[in-house]
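Worksheet: the structure to be examined is printed underneath.
Side chains are part of it too, since the values below use all heavy atoms of this structure and drop only hydrogens, waters and symmetry mates.
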Amino acid sequence: GLIKTKAGLVKTPTFMPDGTRGAVKGLTASQVVSTGVQTVLANTYHLHLRPGENIIARLGGLHSFTRQTLPILTDSGGFQVFSLSKIRKITEEGVEFRDPLTGNKNLLTPESSMQIQLKLGADMMVAFDDVTALDDEGKSRTKEAFERTHRWLERSLAEFQRLTKNMKPSERPLLFGVVQGGLSKKLRKSSLEVVQSLPVDGIAIGGLSVGEPRKDMYEMLKYLAPMYDPARPHFLLGVGEPADLRLAIEQGVDMFDCVLPTRNARHGTAWVRGDKKIHLSNAKFIQDNKPIDPSCDCTTCKEGYSRGFLRHQFKVGESLAGSLVSIHNIRYLQRICEDYRK
RNA sequence: GUGCUCGUAGCUCAGUUGGUUAGAGCGUCGGUUUGUGGAACCGAAGGUCGUGGGUUCAAGACCCAUCGGGCACC
């Protein structure tokens with residue numbers, strides 16, 4: 001498929017690396033481009049706290065601020081306040097939470113999430129949703145969160161429409177609604193119907209890949225596959241294992257984002273042909289002169305950085321190793337996407 | 001040569017008036033990571049306590065000798 005955004009076209013399926021604080025950790029904007037990805041993610045929650053959307057707007061918006069020319073999708077902050085569950089309070093109005101660094105109280109609502117994302121200058125935005133875990137405590141809240149996510153979606157959409165009504169179509173960002181419902185097929189189906197009944201530009205599937213057995217996620221993706229609106233892109237939030245990507249693409253998913261390629265990279269883990277993982281800090285690579293994956297076309301492999309060199313850099317704590325392997329891992333996922341486009 | 005001082009894990013060091021199976025940090029080795037509070041975390045291996053005697057129910061610790069390092073003095 002092809003997604004038209006105000007910053008350019010995005011071919012799907014596509015993988016988006018997470019540039020949570022405005023940068024994919026350890027990479028320059030052009031290094032990110034060099035991996036062949038079509039779009040990157042940035043985060044409402046983090047950028048709102050620091051440096052703040054007003055500062056970024058004053059510095060020309062996300063593209064100017066981060067020097068990234070690729071289309072940028074901002075996440076809504078819903079997942080972040082979920083992962084900060086210890087210090088948050090959910091009300092119908094929104095989520096109250098404390099800045100983990102300063103202790104300051106903050107309130108994120110569907111309306112403020114839309115305002116922040118627009119101020120940041122996002123090309124694609126996500127509606128503010130209520131995310132739950134899939135453990136026993138989370139399960140007791142699944143239905144409540146599912147219902148609230150829909151009410152919040154209507155508020156997100158209303159605020160989005162209010163703020164963008166005077167924009168030309170070519171300047172207007174795209175808005176994704178989020179499907180919730182935990183591991184309940186009944187709720188998921190209903191949630192998908194609600195989201196697709198509204199004039200959102202894309203469908204995001206949230207609340208999966210949060211620790212449930214892989215089988216459960218696969219089953220849900222297979223179940224949802226025939227029900228997607230084919231005219232709109234389908235975005236599976238938070239998925240980034242190669243095998244998961246393949247399965248999801250085969251079940252009609254168009255977009256992914258995940259911290260895994262970059263987090264793994266910083267910790268010395270690289271994917272190689274066959275979706276296998278290697279731990280570059282292992283002693284067996286001390287004298288290994290081969291690139292991470294001889295069949296890979298990423299710049300790290302093409303320029304010949306050896307496993308032995310990378311191991312050394314990891315062992316002495318140089319951040320270059322994490323950057324070089326991030327380029328490789330992102331490229332690995334991007335190649336999976338490209339293979340499916342052929 | 002004399003005096004003082006120090007020798008405990010690969011490294012740097014804890015180790016109570018002598019009291020279970022001698023600990024830590026770092027390093028080494030292995031693993032975990034799914035809409036980034038994490039360049040984070042979890043686990044494992046690794047020691048005849050310089051050596052040899054002695055005292056004691058019991059010694060890393062006390063005594064003697066010896067080897068090695070450091071410092072001071074002659």
Classify the side-chain pair A:Y340/A:E250 by whether it contains a donor and acceptor separated by less than 3.5 Å. yes
Rounded to whole angstrom units, what separation is found between the NE2 atom of A:H279 and the P atom of B:rC29? 14 Å
For B:rG27 and B:rC11, measure between their C1' atoms and round to the nearest Å. 7 Å
Indicate whether any N or O donor in one side chain lies under 3.5 Å from an N or O acceptor in the other, for A:Q117 and A:S113. yes
Per A:S319 side chain, nearest of listed nucleotides B:rU34, B:rA39, B:rG35: B:rA39
According to the interplanar angle, ranging from 0 to 90°, do the rings of A:Y45 and A:F97 count as parallel (below 30°), tilted (30 to 60°) or perpendicular (above 60°)? tilted
So what does A:N264 hit on the nucleic acid, given a heavy-atom distance under 4.0 Å: a base, only sugar-phosphate, or nothing? base
Given B:rU34, B:rG35, B:rU33, which nucleotide is nearest the side-chain atoms of A:D75? B:rG35
Work out how far the P atom of B:rC74 is from that of B:rG68, and round it to whole angstrom. 25 Å
Tell me the interatomic distance from A:E212, atom CD, to B:rU33, atom C1', rounded to whole angstroms. 15 Å
With respect to A:D130, which candidate in A:R151, A:K143, A:R148 satisfies the salt bridge (charged side-chain N to carboxylate O under 4.0 Å, His left out) definition? A:R148
Under 4.0 angstrom, heavy atoms only, what part of the nucleic acid is A:V131 near: base, sugar-phosphate, or nothing? base
B:rU32 versus B:rC62 - spacing of their P atoms, nearest Å: 48 Å
Salt bridge A:R162-A:E111, side-chain N to carboxylate O under 4.0 Å: no
Rounded to whole Å, please give me the gap between CZ in A:R266 and C1' in B:rC41. 13 Å
In whole Å, I'd like the distance from the CZ atom of A:R50 to the P atom of B:rG37. 12 Å
B:rG15 and B:rC6, which share atom name P, separated by this distance in whole Å: 12 Å
Whole-Å P distance, B:rU51 and B:rU33: 45 Å
Give a yes/no on whether any side-chain N or O of A:R311 is located under 4.0 angstrom from OP1 or OP2 of B:rU28. no
Look at the side chain of A:H150 and the backbone N and O of A:F146, then say whether any donor-acceptor pair between them is shorter than 3.5 Å. yes
Considering every strand and a 4.0 Å limit on heavy-atom distances, what is the contact class for A:G207: base, sugar-phosphate, or nothing? base
Involving RNA chain B, stems made of at least three consecutive Watson-Crick or G-U pairs, both distances under 3.5 Å: B:1-7 with B:67-73, B:10-13 with B:23-26, B:28-32 with B:40-44, B:50-54 with B:62-66
Quick check: any donor-acceptor pair below 3.5 Å linking the side-chain of A:T269 to the base of B:rU32? no
Taking only the C1' atom of each, what is the distance from B:rA72 to B:rG30 in whole angstrom? 50 Å
When all nucleic acid strands are considered with a 4.0 Å heavy-atom cut-off, which category describes A:D244: base, sugar-phosphate, or nothing? base
Round to the nearest Å and state the distance from A:Q180 atom CD to B:rG35 atom P. 14 Å
For A:L280 and B:rG31, give me the distance from atom CG to atom P, rounded to whole Å. 11 Å
Using a cut-off of strictly less than 4.0 Å, decide whether A:H267 has a side-chain nitrogen or oxygen near OP1 or OP2 of B:rG31. no
Supply the atom-to-atom distance A:W271 CH2 to A:L333 CG, rounded to the nearest 0.5 angstrom. 4.5 Å
Just checking, any donor-acceptor pair under 3.5 angstrom between side chains of A:Y332 and A:D275? yes
Examine the base of B:rG35 for any acceptor or donor lying under 3.5 Å from a partner atom in the side chain of A:D129, and report the outcome as yes or no. yes
Counting the atoms with a prime plus P, OP1 and OP2 as sugar-phosphate, which does A:G322 contact under 4.0 Å by heavy atoms, base, sugar-phosphate, or nothing? nothing
Whether the side chain of A:R214 and the base of B:rU34 hold a donor-acceptor pair under 3.5 Å is what I'd like checked. yes
Determine the interatomic distance between P on B:rC42 and the same-named atom on B:rG60; round to the nearest Å. 32 Å
Send over the distance from A:H46 NE2 to B:rG37 C1', rounded to a whole Å. 6 Å
Whole-Å C1' distance, B:rG25 and B:rU8: 15 Å
Phosphate OP1/OP2 of B:rC29: any A:K315 side-chain N/O under 4.0 Å: yes
What is the nucleic acid contact for A:L208, judged by heavy atoms within less than 4.0 Å: base, sugar-phosphate only, or nothing? nothing
Can you check whether A:K277 has a side-chain N or O nearer than 4.0 Å to OP1 or OP2 of B:rG31? no
Is A:N282 near enough to B:rG30 that one of its side-chain N or O atoms lies under 4.0 angstrom from OP1 or OP2? yes
5'-most by nearest nucleotide on RNA chain B - A:G268 or A:E318: A:G268
Can you check the A:R21 CZ to B:rG35 C1' distance for me, whole Å? 15 Å
Worked check of side-chain contact (heavy atoms from CB on, under 4.5 Å) between A:T109 and A:R155: CA-CA 9 Å; A:T109 68; A:R155 282 169 56 190; 4.1 Å; yes
Looking at A:R172, A:K4, A:M125, which hits side-chain contact (heavy atoms from CB on, under 4.5 Å) with A:D201? A:R172
May I ask you to verify if any side-chain N or O of A:S83 is less than 4.0 angstrom from the OP1 or OP2 atom of B:rG37? yes
